[in-house]
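Structure first, commentary second.
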2 protein chains.
Amino acid sequence: MTSASELTDHTGYWMRMVSNAVSHEFARKVSGEDVTVAEWSFMRALYDCEPTPPSVLAERMGMTKGAISKLGERLVAKGLVERAESQQDKRAHSLSLTTAGRAKIPILAALADANDAEFFGVLTKEEHEMLDRILRILAERRELKATPVD
Amino acid sequence: MTSASELTDHTGYWMRMVSNAVSHEFARKVSGEDVTVAEWSFMRALYDCEPTPPSVLAERMGMTKGAISKLGERLVAKGLVERAESQQDKRAHSLSLTTAGRAKIPILAALADANDAEFFGVLTKEEHEMLDRILRILAERRELKATPVD
DNA sequence: TCGATTAAGTTTCCTAGTCAACAACATTGA
DNA sequence: TCAATGTTGTTGACTAGGAAACTTAATCGA
């Protein structure tokens, strides 16, 4: 027999709950900069390595090509990202941050810092490091088994 | 100056990435039972404590009243949940699992077990326990500061 | 060299949420 | 007792993302 207490004993459940809370609060914070969490994620991925084709972003962000297509278009419309058509392949293009986009990065990063501090500041240094370490192990693992999302 | 490596060093970022992967895979698993992650979450919340008014579920699940209203209606349509009108308050009602809904709980719980095992099985017992402990601390903390979502 | 297949992005349709306006009912206080 | 205010849940407009069909271009193989 499955007892009620067992049912809440899923790590995935707690993770979703905490992650949602963190993301929700972060969304609130960045909305002041007229940016969504997905947009920040997109911009940061670009910052790490640009110019980048949408297909690569899709894989890195775990989103579909369609979603990236729309998200990219929104960011271009906001003037934070720009496209460069490829000469080798007329279907393809690559994306980069604009000067304005690049300028926003430190501001948004500061908000992310603040959000992290707000949520994870209750942990001891040891707990926080352990959490980071564990999340990286899991993310890395995901990388290996990642089924193409599309 | 903010360096590129700092930007991926947000715990919230990794948490969202891992949580999304876990939830996505879980969604795939439960879709075989014709249930969504939100529906499972709803049913489990009910299982813990029924009958429950929608307003309480909304708070417990961190969703808006509107979302709960629609989610509940879907579950009633699927025959997994039933409403009972309140006599004291003619606006209100409460929700419970039907026999069919209750019967599904162990099946879905088994899928959640499998999903947890699949993702968190790579961790050592010590790491897994630590992760659970930390997530509970964070969830509890969230509880305290939870702004009504609506 | 040209048809078939594959690849890169876009678009359309659908689902599931939020938000805000709302209707119905309850409560409270003069 | 009844108007003002608060509460419960629903609805409609809107948004973001997924799935799959589609367009266009590249590549591959006889």
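In what follows, chains carry the letters A, B, and so on, assigned in the order in which the sequence lines appear, proteins first and then strands, with residues in each chain numbered from 1.
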Between [N] atom [atom2] and [X] atom [atom1], what is the distance in whole Å?
X        : N       : atom1 : atom2 : result
Leu95(B) : dT8(D)  : CG    : C1'   : 12 Å
His93(B) : dC25(C) : NE2   : P     : 14 Å
Leu57(A) : dT10(C) : CG    : C1'   : 16 Å
Met63(B) : dT10(D) : CE    : P     : 13 Å
Lys65(B) : dA23(C) : NZ    : C1'   : 12 Å
Phe42(B) : dG17(C) : CZ    : C1'   : 15 Å
Glu59(A) : dA7(C)  : CD    : C1'   : 14 Å
Met61(A) : dA16(D) : CE    : C1'   : 12 Å

B/S/- along nucleotides 1-6 of chain D (protein heavy atoms under 4.0 Å) is -----B
The criterion is side-chain hydrogen bond (donor to acceptor under 3.5 Å, both in side chains); which residues satisfy it with [X], sequence neighbours excluded?
X        : answer
Ser19(A) : none
Arg28(B) : Glu25(B)
Gln87(A) : none
Glu73(B) : none

Can you sort out the partners of [X] under salt bridge (Lys or Arg N to Asp or Glu O under 4.0 Å), two or more places apart, ordered by chain and number?
X        : answer
Glu85(B) : Arg83(B)
Lys78(B) : Glu39(B)
Asp89(B) : Arg91(B)

Flag, side chain of Thr52(B) to backbone of Leu57(B), donor-acceptor distance under 3.5 Å
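Side chain of Thr52(B) to backbone of Leu57(B), a donor-acceptor pair under 3.5 Å: no, none is there.
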- Task: Evaluate the ring planes of His128(A) and Phe120(A), with Trp represented by its six-membered ring, and classify them as parallel (under 30°), tilted (30 to 60°) or perpendicular (over 60°).
- Result: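 Rings of His128(A) and Phe120(A): tilted, as their planes differ by 30° to 60°.
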- Query: Picking from dG9(D), dC19(C), dG17(D), which would you name as closest to the side chain of Pro54(B)?
  - Reply: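 So the side chain of Pro54(B) is nearest to dG9(D).
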Exercise. Quick one, which residues of residues 67-76 of chain A touch DNA chain C with a heavy atom under 4.0 Å?
Worked result: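 Contacts with DNA chain C under 4.0 Å: Ser69(A), Lys70(A).
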query: Among residues 78-89 of chain B, which residues get a heavy atom nearer than 4.0 Å to DNA chain D?
result: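 Output list: Arg83(B).
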Exercise for review: Using the test side chain to side chain contact (heavy atoms under 4.5 Å, CB included), find all partners of Glu129(A) that sit at least two apart in sequence or belong to another chain.
Suggested key: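 If we apply the side chain to side chain contact (heavy atoms under 4.5 Å, CB included) test to Glu129(A), skipping adjacent residues, the hits are Lys125(A).
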Only counting residues at least two apart or in another chain, list the ones meeting side chain to side chain contact (heavy atoms under 4.5 Å, CB included) with Ser94(A).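 Only Pro51(A), Ala84(A) meet the side chain to side chain contact (heavy atoms under 4.5 Å, CB included) criterion with Ser94(A).
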Check: Of the non-hydrogen atoms in Arg60(B) and Met17(A), which two are nearest, and what is the gap between them?
Finding: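 Minimum heavy-atom contact is O-CE, 4.0 Å.
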Query raised in the report: Are OP1 or OP2 of dG17(D) and a side-chain N or O of Thr64(A) less than 4.0 angstrom apart?
Result: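 For dG17(D), OP1/OP2 do not have a side-chain N/O of Thr64(A) under 4.0 Å.
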With a 4.0 Å limit, can you tell me whether Ser55(A) has a side-chain N or O closer than that to the phosphate oxygens OP1/OP2 of dA7(C)?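 For dA7(C), OP1/OP2 do not have a side-chain N/O of Ser55(A) under 4.0 Å.
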For a quick check of understanding: with a heavy-atom distance under 4.0 Å over all strands, which category does Thr36(A) fall into, base, sugar-phosphate or nothing?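 Answer is nothing: Thr36(A) stays at 4.0 Å or more from every strand.
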